[in-house]
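Notes to accompany the following structure.
Counting convention: from 1, in listed order, for ligands and their atoms alike. All residue numbers refer to positions in the sequence shown, counting from 1.
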Amino acid sequence: MTPPRYPEARIPVRPALSAASFLPHQHTVAASVLDIPHQCLVTSGRVALALALRELKVGAGDEVLAPAFHCISMIEPITSLGARPVFYRINADTSCDLGDIERCMSARCRALIATHYFGFMHDMRALREFCDANGIALIEDCAHCLFGEAGGQAVGAAGDFAIASLRKFFPIHDGGCLLSRARSLSHIELRSPGFAFAAKAAVNALEYALQYHRLGAAGRLLRLPLAIKDQLRTQAKAARPRAAAISPDSLDGGQELDLDWIDKRISFSSRYIIAASSMRRIFDRRRSHYRVLLNFLGELRGAAPLFSVLPDGIAPYVFPLRVDCPETVFPALKRQGVPIVRFGEYLSPLMAPRRCPVSDDFSRRLLQFPCHQELSTEEVHWMTQRIKDALGENP
Ligand SMILES: *Cc1c(COP(=O)(O)O)cnc(C)c1O
């Protein structure tokens, strides 16, 4: 059976560049993973994860504890280094099931990956103690969590390493970061990703903005770089039909990890956009959109928000909604162009079936709606109305 084809999302599922992305910097009140001192900016979160494992010299015969609720791109770095993922259960509040982790632990385990799902950070102290007691490393997966503080610690600070997926928070094509509070990363030598990649990264960010009319009249100026891009692509194809890709497939929606990209630097346009972005705006607008979604979708029949309280100091990645009948609600929304993220829809085939009931339930029922800073309040309202309609609530 071929998967159904849905129209393009009517509003952007991820941040689209706009002039407002560059509002003057204002100091953020919240701690951010990007405050962690040692940093290494690469092209994606999965590359950062592979680098963390490589730093730990994880390889063939080793095991890495990974959450049963995951995306394939979190598992690829483990297997691509020849190591084996061991899947541990998560609790219904998305925290790690420490009892299950203890049962999974073996002499071959080298590291534990813990994820702060959807931007809702968990206190890492018990996990830190567990890792210290067992002599394994803690890797904090902050792909969803740019801001946060729990148990007196900033997000990413408890881990030997932390990783971030910057494409989820900034209007950029490529971007991930390996971070460490205590270990210097200056010995990691990164290579340039190449001019063609730099051009592609810049143009993709602009094209995406243009698709959603984020650039106003300035959009007309984009014809030139777009023409250059098409020219480059045609020439490259003509000259070297089977040449190395100018960009990893992972950045075009794939789940895999391309080891060729593990030691390549982030593109300069993405680095520029990150440096020029207002962290305050990201923090404030994501929180305010989340509150609107909670207000309108907090008490519905047939669906419940995974987190009905927005803690201080965090800025959500998305609004996760647990839906009783995803088989009807999902297509109904997609047909209307409502953007939906489905983190964890596909779980690793390496994991035993029914390994974790909570993960199975989330994998099937959890739909995630964007709440990023580049949505307008009107767009968020439009989305909430479509969701209510799809759930059969009277407008
Ligand atoms: C997206 C994601 C990653 C990988 O980040 P990419 O930038 O897509 O490579 C890792 N962990 C989690 C939890 C993610 O959602």
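Under 4.0 Å from ligand 1, the heavy atoms of Met74 that appear belong solely to its side chain. The side chain of Ala143, and not its backbone, has at least one atom closer than 4.0 Å to an atom of ligand 1 (non-hydrogen atoms only; side chain from C-beta on). Contacts between Arg167 and ligand 1, counted as non-hydrogen atom pairs separated by less than 4.0 Å, involve the side chain only. Contacts between Tyr117 and ligand 1 below 4.0 angstrom, taking non-hydrogen atoms only, are absent altogether.
A distance of 6.0 Å or more separates the ring centres of Tyr272 and Phe268. Annotation: Phe120 is in aromatic contact with Tyr290 [ring centroid separation under 6.0 Å]. Aromatic pair Phe343/His70: ring centres not closer than 6.0 Å.
Using a 30° and 60° split on the angle between ring planes, His173 and Phe197 fall in the tilted class, from 30° to 60°.
Each of the following atoms of ligand 1 lies closer than 4.0 Å to a heavy atom of Ser73: 4 (C). Atoms of ligand 1 lying under 4.0 Å from any heavy atom of Thr115, numbered from 1 in the order shown and given with element: 13 (C). Counting the atoms of ligand 1 from 1 in the order shown, those under 4.0 Å from a heavy atom of Arg46 are 4 (C), 5 (O), 6 (P), 8 (O), 9 (O). Heavy-atom proximity to Cys71, at under 4.0 Å, picks out these atoms of ligand 1: 2 (C), 14 (C).
You'll find the side chain of Phe169 stays beyond 4.5 Å of the side chain of His372, heavy atoms only. Counting only heavy atoms from C-beta outward, the side chains of Met124 and Glu140 approach each other to under 4.5 Å.
Figure legend: cation-pi geometry between Arg342 and Phe330, with NZ or CZ positioned under 6.0 Å from the six-membered ring centre and within 45° of its axis.
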Taking only distance into account, with no hydrogens and no angle test, what donor-acceptor pairs under 3.5 Å do side-chain atoms of residues 54-65 form with protein atoms, sequence neighbours excluded?
unit_1 : atom_1 : unit_2 : atom_2 : d
Glu55  : OE1    : His187 : NE2    : 2.7
Glu55  : OE2    : His187 : NE2    : 3.3
Asp62  : OD2    : Gly59  : N      : 2.8
Asp62  : OD2    : Arg110 : NH1    : 3.0
Glu63  : OE1    : Ser106 : OG     : 2.9
Glu63  : OE2    : Arg84  : NE     : 3.4
Glu63  : OE2    : Arg84  : NH2    : 3.0
Glu63  : OE2    : Arg108 : NE     : 3.3
Glu63  : OE2    : Arg108 : NH2    : 3.4

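Among protein heavy atoms, atom 15 (O) of ligand 1 sits closest to His144 NE2, 2.6 Å. Atom 11 (N) of ligand 1 has its closest protein heavy atom at Asp141 OD2, 2.7 Å.
Look at Lys168 and you'll find a heavy atom under 4.0 Å from some atom of ligand 1.
Looking at ligand 1, you'll find an N or O of Gly45 within less than 3.5 Å of one of its N or O atoms.
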